Amino acid sequence: MNLYRYLVPRYLVFPLLFPPLFFSVSFLCDTIQLMSEFCPKDFEERWRQRWKKDAVYTRSFSDDKIPYYVLEMFPYPSGKLHMGHVRNYTLGDTLARFKRMTGHNVLYPIGFDSFGLPAENAAIKHGVNPKSWTLDNVDTMKQQLQLLGLSYDWNCELATCKDDYYRWNQWIFLQFYKKGLVYRKKAYVNWDPVDQTVLANEQVIDGKGWRSGAVVEKKEIAQWYFKITDYAEELLNDLDTLDGWPDRVKQMQRHWIGKSVGSEIDFEVFDGSGKYVETLTVFTTRIDTLYGASYVCIAPEHPLTAAIKSVHVSPTSVQGFIDQCLEQSQADRSDNDKVKLGFETGYKVINPINNEKLPLFIANYVLMDYGTGAVMAVPCHDQRDFAFATQHSLPLKLVIQDPLSSLTLSDFPHAYCEDGLLCNSGPHSGLDSKTARKAITDTLISQKKGRFKAQYRLRDWLISRQRYWGTPIPIVYDEAGEPHAVDESELPVLLPEDVTFDGKGNPLEQSDTFHQFPQPGYRRETDTMDTFVDSSWYFLRYLSAKDDTQAFDPALIKQFLPVDQYIGGVEHACLHLLYARFFTKALRDCGYLEINEPFTRLLTQGMVLKDGAKMSKSLGNTVDPSYIIDRYGADTARLFILFGAPVDRDLEWSDKAVEGSFRFLKRIWALCQSPEKYPLSSPDIVLRARHVCIKKVSHDIARFQYNTAISHLMTLVNTFYHHGCSEDDLRILLLLLAPFAPFMTEELWQQFESTSIHQAAWPTFDPALCETDEVTIVIQVNGKVRDKMTIAKNQERDSLEKVILSRDKIIPYLRDKSPKKIIYVPNKLFNLVI
RNA sequence: GCGCGAGUGGCGAAAUUGGUAGACGCGCUAGACUUAGGAUCUAGUGCCGCAAGGCGUGGGGGUUCAAGUCCCUCCUCGCGUACCA
């Protein structure tokens, strides 16, 4: 099998053929010398084809091995693979290979998240068809994935932009619709008044449209929502069951869901003439400060503003203020350092606890999306209210007293936001904040003017997109404009081809074929779905990617789900990962799944950086994976990316360090080419090194500590260089390296076996052979290392103490006294306190 | 603004979770082999110091016999912030 050892080294051939040219040629072309030694190009392509032909990585569905599902966040086909992809997929592939070798039935699929904005942008900019642009990119990226030697089962491949996938998006939409999890509501969008189109946040640059440059407006349109808030409590509580998730991701999701427990209070609203208008409900976590309320604020988007505008002496000034607020981003509006804008409406509200009459404001810092879109303002005990009240000369009422000091109004450069004892609070004065919250709420409950309430920061999921390149929402409108669900038998609602991309409006509006269907007068919904819908359930579809009778197969789901290991970027911590959890629970409640959570273990990998910054085209600091594979081979690329940093930390790209990984592989290649040069000189040392290495590498791979796993392999190779190795030692080395460097290990394995190394069993170790009977202990004086000593293991303290106190290096520190205290950590250290 | 992380030699990092700080690799230095070396092999390499020794895990403070690891505080950088995926 191995021809290479018989090849005449090329550096001998070249000078003979072209003597005068040789030096300049060798100077120009680095690879000539490498080829004589170790040239991955000579075998990588051969193994790619052979593995495919022998179906080495295809999983079986009926197998007595334990199923194991390795999942990576599937790529958006942007054009070319970048290093972030390479890192993501190398991490997963290494695990998949390890799990196969340890006897698991591994499901390791890949697909393409192929709907989305960039395809439509390309269509507008370059006149290409989104579908062909996308599918071309899929082909390119698929080739690159295969170059890397990723062991995917390509039978599972899917692309979300194909109707055999997105029809099931529509089917799931209909199931959710039936279940009452879908509704329509008005929401604001970014509106480009020149292009007459809705813009994504990303397409708004400094408040202007990315193409037209026009100042972007807010426009209110009716849109479709999924009721993810129905699951807020479960999504929050079940985080506690996800032991295999990083704490930081769970923490981010907890804050994203943002549960706070408090009360709702009803304020009666009266217009300027004293006429009752309606009841306004506010949410607060600090009802204990209710006596200190000095005004009430509503969000600029609040429905009550319509009534105010209709009776106001200057409706344009009301609208002008609202427009001014809507121009700001939500982050700016809630920025503590930014000016709080307020508009006094002339309306009054009644504080239900003491019947005090308070002014009603519209304020920019109140957000319609949180709570009820209205707040009571207590300037003394909330910093934003304090800033607003100071600006608008509103009264300050101190109602919470700091139990440790006595606050007076003159102490108020800042609000006092802690709990304390109530004062100036009528019958509730003297209560502590916690007791008062219950007491005051109970009082309001008895008057039917308030109630306890849990509030979530999580908002319902707006899935409508006014775009072409996405899944059509399966709804039709009758002549009266009422929505109706499309019948399941009519799925898929196909994306029409008779559309143009001029950047103006939604292309689906203009398609004739799209709106032609049996019922006359009916029109189709032209909104498409958020692409996060596609990625919320794709891991269920992999198992039955080609099934045209159902979205997913319950029997296969039962075998392989939940996903054992999910791998991807931490940037998806709150959106994608929360949406996928919601889909799993909602599909369960629709009767299609039995699991509660989709992903048992989650790994969030770090980014790949160059010169300290994220690799990006705009910065011009990208490194093309294809170039690295072409120059060094896929094994080197994989090895560097795994060795360079811990998996969850950012990885700084280094051309020099890539050379180092290449050198490591070359050293192994050399060992296997001429084992006779490395005769076994210290069998005991080598045997122990080998068993220790198996132990450490197995331990580290199972914990995703790939960088240290590889360092142990390097140590083993160094041992072989110094003390020699046997054929058995080399076989173990290749097995341990196989998940990391699949090509070279397979090539070298053929010296020993005619079967694939990737179907071989992972080696085991003998714990007894990993041990030594000696240990080096440290002797400290007052915590500083002063001496070291190698002794037999597990020695008694008393006899050792005597030896230590009489050692040459220690005696001078004792100054003829005995130590105050001696701390002994068996087999580790002595610390003498003097 | 709000939420979540990260910070250790010239560089990427390691440290059995409170017990020898710097494994492994890059780079650098010296040597060997060579017509040659940007190949390969061998040895050395945290900083200051001739040395004895001292100093060292972003800054400052604390707990402890002992702190990279625990507590308080400050600084810098990264990610997310709901229509990028």
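Naming: A, B, ... by sequence-line order, numbering from 1 per chain. Owing to the predicted nature of the structure, the values given are computational and were not obtained by experimental measurement.
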- request: Answer syn or anti for U35(B), where the cut-off is 90° from 0 on the glycosidic torsion.
  value: anti
message: As a test of the definition: with a 90° window around 0 for syn, would you call G9(B) syn or anti?
response: syn
message: K788(A): which residues meet the salt bridge (Lys or Arg N to Asp or Glu O under 4.0 Å) condition with it, sequence neighbours left out?
response: none
- request: Mind checking salt bridge (Lys or Arg N to Asp or Glu O under 4.0 Å) for R703(A) and listing every partner two or more places apart, or none if nothing turns up?
  value: none
Using the [atom1] atoms only, state how far [M] lies from [N], rounded to an integer number of Å.
{"N": "A66(B)", "M": "C77(B)", "atom1": "C1'", "value": "32 Å"}
{"N": "C33(B)", "M": "C24(B)", "atom1": "C1'", "value": "27 Å"}
{"N": "U57(B)", "M": "A51(B)", "atom1": "C1'", "value": "27 Å"}
{"N": "G22(B)", "M": "C47(B)", "atom1": "P", "value": "13 Å"}
{"N": "G60(B)", "M": "G53(B)", "atom1": "C1'", "value": "27 Å"}
{"N": "G12(B)", "M": "A23(B)", "atom1": "P", "value": "15 Å"}
{"N": "C70(B)", "M": "U64(B)", "atom1": "C1'", "value": "10 Å"}
{"N": "G19(B)", "M": "C79(B)", "atom1": "C1'", "value": "35 Å"}

Rounded to whole angstroms, how far apart are [atom1] on [X] and [atom2] on [N]?
{"X": "L609(A)", "N": "A6(B)", "atom1": "CG", "atom2": "P", "value": "16 Å"}
{"X": "D787(A)", "N": "G53(B)", "atom1": "CG", "atom2": "P", "value": "12 Å"}
{"X": "L239(A)", "N": "C4(B)", "atom1": "CG", "atom2": "C1'", "value": "14 Å"}
{"X": "F640(A)", "N": "C11(B)", "atom1": "CZ", "atom2": "P", "value": "16 Å"}
{"X": "Y370(A)", "N": "G3(B)", "atom1": "OH", "atom2": "P", "value": "13 Å"}
{"X": "N782(A)", "N": "A66(B)", "atom1": "CG", "atom2": "P", "value": "8 Å"}
{"X": "K250(A)", "N": "C4(B)", "atom1": "NZ", "atom2": "P", "value": "15 Å"}
{"X": "F38(A)", "N": "U40(B)", "atom1": "CZ", "atom2": "P", "value": "13 Å"}

Could you list the residues that satisfy side chain to side chain contact (heavy atoms under 4.5 Å, CB included) with [X], not counting sequence neighbours?
{"X": "S114(A)", "answer": "P77(A), F112(A), T134(A), A159(A), T160(A), C161(A)"}
{"X": "K208(A)", "answer": "V215(A)"}
{"X": "E202(A)", "answer": "L117(A)"}

Could you check whether [X] pairs with [Y] (Lys NZ or Arg NE/NH1/NH2 to Asp/Glu carboxylate O, under 4.0 Å)?
{"X": "E801(A)", "Y": "R797(A)", "answer": "yes"}
{"X": "K793(A)", "Y": "E771(A)", "answer": "yes"}
{"X": "R465(A)", "Y": "D527(A)", "answer": "no"}
{"X": "K227(A)", "Y": "D460(A)", "answer": "no"}

statement: With sugar-phosphate taken as primed atoms, P, OP1 and OP2 and all else as base, the protein-contact string of nucleotides 18-31 of chain B at under 4.0 Å (heavy atoms; B, S, -) is -BBS-BBSSS----
task: Quick one, give me the B/S/- string for nucleotides 77-85 of chain B, reading 5' to 3', where B means a protein heavy atom under 4.0 Å from the base and S means that only happens at the primed atoms, P, OP1 or OP2.
output: -SSSSBBBB
message: Suppose the criterion is side chain to side chain donor-acceptor pair (under 3.5 Å): which pairs have a residue in residues 709-722 of chain A, not counting sequence neighbours?
response: R667(A)-N718(A), D700(A)-H712(A)
- request: Would you mind classifying the nucleic acid contact of H699(A) as base, sugar-phosphate or nothing, using non-hydrogen atoms under 4.0 angstrom?
  value: nothing
query: How would you list all residue pairs meeting salt bridge (charged side-chain N to carboxylate O under 4.0 Å, His left out) that involve residues 248-260 of chain A, not counting sequence neighbours?
result: E233(A)-K259(A), D240(A)-R254(A), D247(A)-K250(A)
message: With salt bridge (charged side-chain N to carboxylate O under 4.0 Å, His left out) as the rule and sequence neighbours excluded, what pairs involving residues 636-646 of chain A come up?
response: D93(A)-R638(A)
Tabulate atom names and distances for all N/O pairs under 3.5 angstrom spanning the protein and nucleotides 55-57 of chain B.
residue	atom	partner	partner atom	Å
C55(B)	OP2	K784(A)	NZ	3.2

message: Hydrogens and angles aside, do E72(A) and Y566(A) bring a side-chain donor and acceptor to less than 3.5 Å of each other?
response: no
message: Requiring both pairing distances under 3.5 angstrom, list the stems that contain RNA chain B and are made of three or more consecutive Watson-Crick or G-U pairs.
response: B:1-7 with B:75-81, B:10-12 with B:24-26, B:27-32 with B:40-45, B:46-48 with B:53-55, B:58-62 with B:70-74
Rounded distance [0.5 Å steps], CG in L609(A) versus CD in E652(A): 5.5 Å
message: Quick check: on RNA chain B, is the nucleotide nearest E652(A) upstream (toward 5') of the one nearest Y721(A), or the reverse? Name the residue that is more 5'.
response: E652(A)
F643(A): which of L713(A), L651(A), I710(A) passes side chain to side chain contact (heavy atoms under 4.5 Å, CB included): I710(A)
